[in-house]
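I have placed the structure first, in the form of structure tokens, so that the comments after it can refer back to it.
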There are 2 protein chains.
Amino acid sequence: MPDYTQDTDARERFLRLHSALRERICLLDYPPGARLSEEVLAGEFGTSRTPLRRVLARLEDEGLVISRHGVGTLVTDVDIGEMARTYDLRRELAGLVGRLSPVPMTDAILTEARRFADRGRMLQTAPDAREFARMNMEYFHFGAALTTNEALRETSERLYYRTARIWLKSIPRMDLHAEVAIFLSELDQNLTAIENGDLMAAALIRQAHISMCFTRLAGG
Amino acid sequence: MPDYTQDTDARERFLRLHSALRERICLLDYPPGARLSEEVLAGEFGTSRTPLRRVLARLEDEGLVISRHGVGTLVTDVDIGEMARTYDLRRELAGLVGRLSPVPMTDAILTEARRFADRGRMLQTAPDAREFARMNMEYFHFGAALTTNEALRETSERLYYRTARIWLKSIPRMDLHAEVAIFLSELDQNLTAIENGDLMAAALIRQAHISMCFTRLAGG
DNA sequence: TCGGCTGTTGTTGTGCACAACATGGCCGTG
DNA sequence: CACGGCCATGTTGTGCACAACAACAGCCGA
């Protein structure tokens, strides 16, 4: 059976541009309301508008931007109510990672969990919102990779990137040091669960922290 | 606040074409492996390739087709293992509809549930696979509309259309009359729950039937 | 001074021509 | 006859020119 998911040049570029723009939006390099110029971006990435427009179309499907004829492609802002409901779903999905087709426990997982805990401690010595956000993103991917259920992974990712901005945007209004400390404790609890070989417990811990994270967001 | 979700001409056409092609794929008018010609489809819908390509790009993101340079745009086939995992997730999401931001009970919902039960009885008198599939599709949308959680609705829909084909494809290998009878009993049970004003029970019933549906698919 | 009109500018949407690519048939050669 | 190279054909991907559209500044008239 041929591999239909092969990375042709075009597909590779598409994924690269998509990933790059998504990260810029979620790290607030392009804050909500910012206008993305197709021509400028095409120039930056060395292509014409055509391939770039496909990337923007996907970002629009994902709810990160919206294109308006004659106006521009604007980074969306997020409604707090919709964000609350999205967090509700993210919380449930995080729990499902531990129950639906979990991956078997391996040393590689343990190593990675240890590395996250170590990096968390590094972060605590020099807290930085942007680095925090980036590490949170990597930690999310670590958690999503603990299920072999493709649909669950894909859905979790979609929703994560949809809420990531609200989280980073709220950091200035909150206590960065305290948030880093909470994140570090999550990484440590996660490591403990994984050291016990209990991936389901690890999923429950991530679930609990997603829940608490939004509680702090809404309250702050 | 302006309404950014306005239906401009281009967006309206996009949604129309997307919906049309998705339905053709899920009703097996375009069976797995079929080649969709951009030029032919563009001609049929009276546009150029450009807007149509955006529709195909979205269908590719949704996993319903795959475009290969120099070959064509092919309708995907589905792996049974991945389908099993997708059904796992669909089952869980169906239950969440009853717990996350359910809509308040209204007479309109009751009326619609009654109508589905009646239509189910009509279908039983003259079983037809295609009509069966179409009604199942409408019933799915009815169920998804019972939550106000946009992310949950959107995700459920995405996964539904990803599995709908496998279901219809298996119908010939199964007993159509028996399947219609089972579907009718689901509609009746759903109606009973809704008559009691218990939308959560209705969600649990739909959840149970999604679970049983895949069990029959895998066993048959 | 205010309101409306209009031209200008910049943006996204569309259509088209061509490039890049895969496939199958054909032909020549061993 | 088998096989390998080559070309013809049809497909998707790209770049570009222009259409459609929205916003804004400037101007004119009341």
Side-chain angles (χ1 to χ4, degrees), chain A residues 1-21 24-25 30-76, chain B residues 1-21 24-25 30-76:
Chain A
M1 169 178 159
D3 180 12
Y4 288 135
T5 63
Q6 55 191 314
D7 280 355
T8 172
D9 284 353
R11 193 179 310 276
E12 209 168 342
R13 177 173 66 180
F14 170 78
L15 292 174
R16 189 161 37 86
L17 296 199
H18 173 71
S19 188
L21 290 183
R24 291 182 188 179
I25 291 171
Y30 301 143
R35 216 181 54 204
L36 308 186
S37 165
E38 297 182 350
E39 202 159 355
V40 169
L41 287 175
E44 176 187 341
F45 291 109
T47 71
S48 75
R49 284 178 55 211
T50 308
L52 191 109
R53 276 178 62 76
R54 183 174 165 177
V55 175
L56 291 179
R58 173 143 173 189
L59 290 172
E60 184 168 8
D61 289 339
E62 295 172 332
L64 298 182
V65 305
I66 183 169
S67 290
R68 291 204 290 159
H69 193 180
V71 179
T73 301
L74 310 173
V75 176
T76 57
Chain B
M1 170 178 161
D3 181 11
Y4 288 134
T5 62
Q6 55 192 314
D7 280 354
T8 172
D9 284 353
R11 193 179 311 275
E12 208 168 344
R13 176 174 64 181
F14 170 78
L15 292 174
R16 188 161 37 85
L17 296 199
H18 173 71
S19 187
L21 290 183
R24 291 183 189 180
I25 291 171
Y30 301 144
R35 216 181 54 200
L36 309 185
S37 165
E38 298 181 350
E39 202 159 355
V40 169
L41 287 175
E44 176 188 340
F45 291 110
T47 71
S48 75
R49 283 178 56 211
T50 307
L52 190 110
R53 275 177 62 77
R54 178 169 171 181
V55 174
L56 291 180
R58 173 144 175 186
L59 290 173
E60 184 169 8
D61 289 340
E62 294 171 334
L64 298 182
V65 304
I66 182 169
S67 290
R68 291 204 289 159
H69 192 180
V71 180
T73 301
L74 310 173
V75 176
T76 58

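Convention: sequence-line order gives letters A, B, ...; per-chain numbering from 1.
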So A:L21 and A:L56, do their side chains get closer than 4.5 Å, heavy atoms only? yes

Quick check: on DNA chain D, is the nucleotide nearest A:V71 upstream (toward 5') of the one nearest A:P51, or the reverse? Name the residue that is more 5'. A:P51

Classify A:L52 by what it touches in the nucleic acid, base, sugar-phosphate, or nothing, heavy-atom distance under 4.0 Å.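 No contact at all - A:L52 keeps every heavy atom at 4.0 Å or more from the nucleic acid.
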
Sugar-phosphate, base or nothing in reach of A:L56, heavy atoms under 4.0 Å: nothing

Below 3.5 Å, does any donor atom in the side chain of B:R35 face an acceptor in the base of D:dG10, or the other way round? no

Tell me if the side-chain of B:R49 makes a donor-acceptor pair with the base of D:dG13, cut-off 3.5 Å, by modelled atom types.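 By the distance-only test, yes, there is a pair.
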
Distance check needed: [N] [atom2] versus [X] [atom1], whole Å only.
X: B:L74; N: D:dG10; atom1: CG; atom2: P; value: 17 Å
X: B:R11; N: D:dC21; atom1: CZ; atom2: C1'; value: 14 Å
X: A:E38; N: D:dC16; atom1: CD; atom2: P; value: 15 Å
X: B:L17; N: C:dG13; atom1: CG; atom2: P; value: 15 Å
X: B:H69; N: D:dT12; atom1: NE2; atom2: C1'; value: 5 Å
X: B:R54; N: C:dG15; atom1: CZ; atom2: C1'; value: 17 Å

Of A:R53 and A:G70, whose closest DNA chain C nucleotide lies nearer the 5' terminus?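 It is A:G70 whose nearest nucleotide is closer to the 5' end.
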
Are more than 12 heavy atoms, taken from residues, nucleotides or ligands other than A:E44, located less than 6.0 Å from that residue's CD atom? yes

Check for a donor-acceptor pair, side chain of A:T76 on one end and backbone N or O of A:L64 on the other, with a separation under 3.5 Å. yes

Residue-phosphate contact under 4.0 Å: A:S67 side-chain N/O, C:dT12 OP1/OP2: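 Checking A:S67 against C:dT12: no side-chain N or O falls below 4.0 Å of OP1 or OP2.
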
Does the salt bridge (charged side-chain N to carboxylate O under 4.0 Å, His left out) test come out yes or no for B:R16 and B:E12, once each step is laid out? CA-CA 6 Å; B:R16 188 161 37 85; B:E12 208 168 344; over 6 Å; no

